[in-house]
Amino acid sequence: MRTLSLIGVLCLTGGAGAGCYNYSPLTTPSPEPGTYLAVTLTDAGSDELARSLGPAAFVVRGRYLSNDERGMLISVSSVETKQGFALPWSGETVAVPDDAVASLDVRRLARGRSILLAGVGAGGLVATTLAFSLLGGGTTPNPGGGRPNKQ
């Protein structure tokens, strides 16, 4: 039972960290460093960044680092192509020129969906705990107790 409780706590902690997110347009002139962004590229920007991001790049997702003379520096976590394929990246820094950006969206926690997800997870944990408690899981004790008789 103690192991089951520990597993439940670990699952809830992991689920709370996952959460659900929405993308919404950036409302400030420039994002804070560390903000998770989705940068949609223009057609010309996609062509310009083909050597850095690969052919037909459409949306660049990652953490905003800063701006410099080359443009916006992003630690890229994934690139979505025009065909809809999401290609994972491992945090390489890419400079995205300002004229290559069609739109800029910031990722925000979707509270309602995250609460719903946590509620479903907690309900599943309770149901699992009850099911195992009702079914039992221990061993039957030795009815005679002690050691068997010598023959």
Side-chain angles (χ1 to χ4, degrees), residues 1-140:
M1 183 69 169
R2 183 174 167 89
T3 304
L4 186 60
S5 296
L6 180 61
I7 291 171
V9 168
L10 291 174
C11 288
L12 284 176
T13 303
C20 298
Y21 295 92
N22 286 331
Y23 285 93
S24 57
L26 183 67
T27 56
T28 60
S30 125
E32 292 287 320
T35 303
Y36 196 87
L37 301 174
V39 181
T40 304
L41 302 173
T42 61
D43 287 336
S46 178
D47 293 341
E48 181 181 347
L49 292 169
R51 292 188 69 175
S52 302
L53 299 173
F58 182 59
V59 179
V60 180
R61 289 186 174 85
R63 299 226 178 256
Y64 171 77
L65 300 174
S66 64
N67 269 2
D68 70 6
E69 67 280 349
R70 298 173 294 161
M72 184 182 314
L73 298 178
I74 298 175
S75 174
V76 180
S77 61
S78 70
V79 174
E80 184 180 326
T81 65
K82 291 178 182 177
Q83 294 82 19
F85 298 110
L87 308 171
W89 280 50
S90 55
E92 295 87 355
T93 301
V94 173
V96 179
D98 293 335
D99 61 346
V101 177
S103 69
L104 189 59
D105 296 318
V106 63
R107 184 176 79 169
R108 290 193 172 90
L109 184 66
R111 289 186 183 151
R113 285 192 285 170
S114 295
I115 290 170
L116 179 63
L117 177 67
V120 168
L125 177 64
V126 168
T128 304
T129 303
L130 288 174
F132 280 106
S133 296
L134 294 174
L135 295 175
T139 59
T140 20

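These numbers come from a predicted model, not from an experiment.
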Next item on the list: Determine the minimum heavy-atom distance between Ala95 and Leu49, stating which atoms define it.
Entry: O-CD2, 3.6 Å

Check: Under the side-chain contact (heavy atoms from CB on, under 4.5 Å) criterion, do Val106 and Tyr64 qualify, and how do the steps go?
Finding: CA-CA 10 Å; Val106 63; Tyr64 171 77; over 6 Å; no

Next item on the list: Output, in order, the C-alpha distance, side-chain angles, deciding distance and verdict of side-chain contact (heavy atoms from CB on, under 4.5 Å) for Asp105 and Val59.
Entry: CA-CA 10 Å; Asp105 296 318; Val59 179; over 6 Å; no

Next item on the list: For Thr42, check side chain to side chain donor-acceptor pair (under 3.5 Å) against everything at least two apart and list the hits.
Entry: none

Notebook entry, point to check: Is there a side-chain contact between Leu41 and Phe58, using heavy atoms and a 4.5 Å cut-off?
Noted result: no

Margin query: Would you compute the distance between atom CG of Leu104 and atom CE of Met72 and round it to the nearest 0.5 angstrom?
Written below: 5.0 Å

Note to self: Treating Arg63 as the side-chain partner and Gly34 as the backbone partner, does any N or O pair qualify as donor plus acceptor under 3.5 Å?
What the structure shows: yes

Margin query: Main chain of Ala56, side chain of Thr81: is a donor-acceptor contact present, judged purely on distance under 3.5 Å?
Written below: no

Next item on the list: Give the minimum heavy-atom separation between Ala100 and Gly45, together with the two atoms involved.
Entry: CB-CA, 3.5 Å

Notebook entry, point to check: Can any side-chain N or O of Ser46 pair as donor or acceptor with the backbone N or O of Ala57 at less than 3.5 Å?
Noted result: yes

Check: Under the side-chain contact (heavy atoms from CB on, under 4.5 Å) criterion, do Ile74 and Val94 qualify, and how do the steps go?
Finding: CA-CA 5 Å; Ile74 298 175; Val94 173; 5.5 Å; no

Checklist line | Shortest non-hydrogen contact between Trp89 and Val79, atoms and distance | finding: NE1-CG2, 3.4 Å

Notebook entry, point to check: Between Glu92 and Ser90, do the side chains contain an N or O donor and an N or O acceptor separated by less than 3.5 Å?
Noted result: yes

Next item on the list: Only counting residues at least two apart or in another chain, list the ones meeting salt bridge (charged side-chain N to carboxylate O under 4.0 Å, His left out) with Asp98.
Entry: none

Checklist line | Value rounded to 0.5 Å, distance of CZ in Arg61 from OG in Ser77 | finding: 8.0 Å

